[in-house]
Q: 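First the structure, which I've put down as structure tokens, then a few questions once you've had a look.
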Amino acid sequence: MEDVSKKNWFGRNWLWVLPVGGCLTVILLFIFGVGAAIFGVANIIKGSAPYEYAVEAAKDNTEVQLALGEAIDTDGVFEGNITINNSTGEADLKIPIKGDKGKGTIVIVAEKEGDDWVYETLYVRIKATQEKINLLDKSMEGN
């Protein structure tokens with residue numbers, strides 16, 4: 001009787017398993033790394049002063065509440081960027097919001113001077129009517 005040993009599955013298929021498995025691992029690590037970076041940047045912007053101030057201003061504004069409803073919340077992915085370099089910075093954001101009655105977008109253009117943000121543009125554009133509701137303090141306009 002002859003003793004014939006058969007190779008296991010890995011022994012028969014290692015020539016294609018290692019390259020394919022290695023490539024898939026590298027691709028998955030890249031995808032998860034990019035996803036983590038995007039998620040991290042989004043959280044940093046959402047925690048920024050211009051983002052938080054604008055969302056609060058929209059929620060507290062009676063005209064916005066009349067147009068969109070009282071339960072106003074952010075709706076989806078924002079657009080734009082924030083650049084901060086020591087005591088200076090710039091923000092240019094568009095934040096989608098929604099309420100019981102409709103949807104809109106908060107538009108922000110601001111510059112950081114020292115510790116304070118100076119808002120050049122801050123309004124809500126109502127999606128259904130394209131109406132712009134100013135969120136800047138009326139006494140601060142034009143300054």
Side-chain angles (χ1 to χ4, degrees), residues 4-143:
V4 178
S5 64
K6 288 187 175 181
K7 290 183 177 181
N8 63 17
W9 182 88
F10 186 77
R12 292 188 312 267
N13 296 299
W14 72 271
L15 281 172
W16 67 268
V17 169
L18 288 179
V20 170
C23 287
L24 284 176
T25 301
V26 169
I27 290 169
L28 288 174
L29 287 174
F30 177 76
I31 289 171
F32 289 134
V34 169
I38 290 171
F39 183 73
V41 169
N43 281 341
I44 289 171
I45 291 176
K46 285 183 178 181
S48 70
Y51 186 98
E52 290 179 349
Y53 177 78
V55 171
E56 261 326 291
K59 287 180 178 181
D60 293 343
N61 187 285
T62 54
E63 290 180 69
V64 175
Q65 290 176 359
L66 287 173
L68 300 181
E70 290 189 22
I72 296 170
D73 202 7
T74 57
D75 182 34
V77 180
F78 60 87
E79 297 176 33
N81 60 54
I82 292 181
T83 306
I84 300 174
N85 186 11
N86 296 327
S87 63
T88 62
E90 296 178 350
D92 185 1
L93 297 171
K94 292 183 177 130
I95 306 167
I97 58 174
K98 66 179 177 179
D100 306 348
K101 299 178 184 177
K103 294 183 177 188
T105 303
I106 304 172
V107 178
I108 310 163
V109 177
E111 288 189 27
K112 185 177 183 190
E113 297 174 358
D115 292 336
D116 299 323
W117 284 92
V118 178
Y119 296 89
E120 298 171 16
T121 304
L122 182 58
Y123 64 87
V124 173
R125 182 183 307 118
I126 306 301
K127 185 175 181 180
T129 62
Q130 294 301 309
E131 173 190 7
K132 292 181 181 178
I133 300 172
N134 188 7
L135 300 177
L136 288 174
D137 184 2
K138 301 285 186 209
S139 64
M140 298 296 287
E141 282 186 40
N143 293 336

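Numbers here simply count residues along the sequence, with the first being 1.
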Q: Would you list the atom pairs, donor with acceptor, under 3.5 Å between side chains in residues 70-95 and any protein atom, with sequence neighbours excluded?
A:
unit_1	atom_1	unit_2	atom_2	d
T88	OG1	N85	O	3.0

Q: Which pairs count as side chain to side chain donor-acceptor pair (under 3.5 Å) when at least one residue sits in residues 16-37, sequence neighbours excluded?
A: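 Listed once each, the pairs are N13-W16.
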Q: Flag the pair I133 / N61 as yes when at least one side-chain heavy-atom distance between them is below 4.5 Å, and no otherwise.
A: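 SC-SC contact between I133 and N61 confirmed.
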Q: How many angstroms lie between NZ in K98 and NZ in K103, if you round to the nearest 0.5 Å?
A: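 The NZ atom of K103 is 7.0 Å from NZ of K98, to the nearest 0.5 Å.
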Q: Under 3.5 Å, side-chain donor or acceptor atoms of residues 35-60 against the rest of the protein: list the pairs with distances, not counting sequence neighbours.
A:
unit_1	atom_1	unit_2	atom_2	d
S48	OG	I45	O	2.6

Q: Ignoring hydrogens and angles, write down the donor-acceptor pairs under 3.5 Å from the side chains of residues 116-131, residues two or more places apart or on other chains.
A:
unit_1	atom_1	unit_2	atom_2	d
Y123	OH	R125	NH2	3.2
T129	OG1	E131	N	3.2
Q130	NE2	K127	O	3.1

Q: Could you pull out all residues at least two apart from F10 that satisfy side-chain contact (heavy atoms from CB on, under 4.5 Å)?
A: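 Once residues adjacent in sequence are excluded, the partners of F10 under the side-chain contact (heavy atoms from CB on, under 4.5 Å) criterion are N8, W14, V17, L18.
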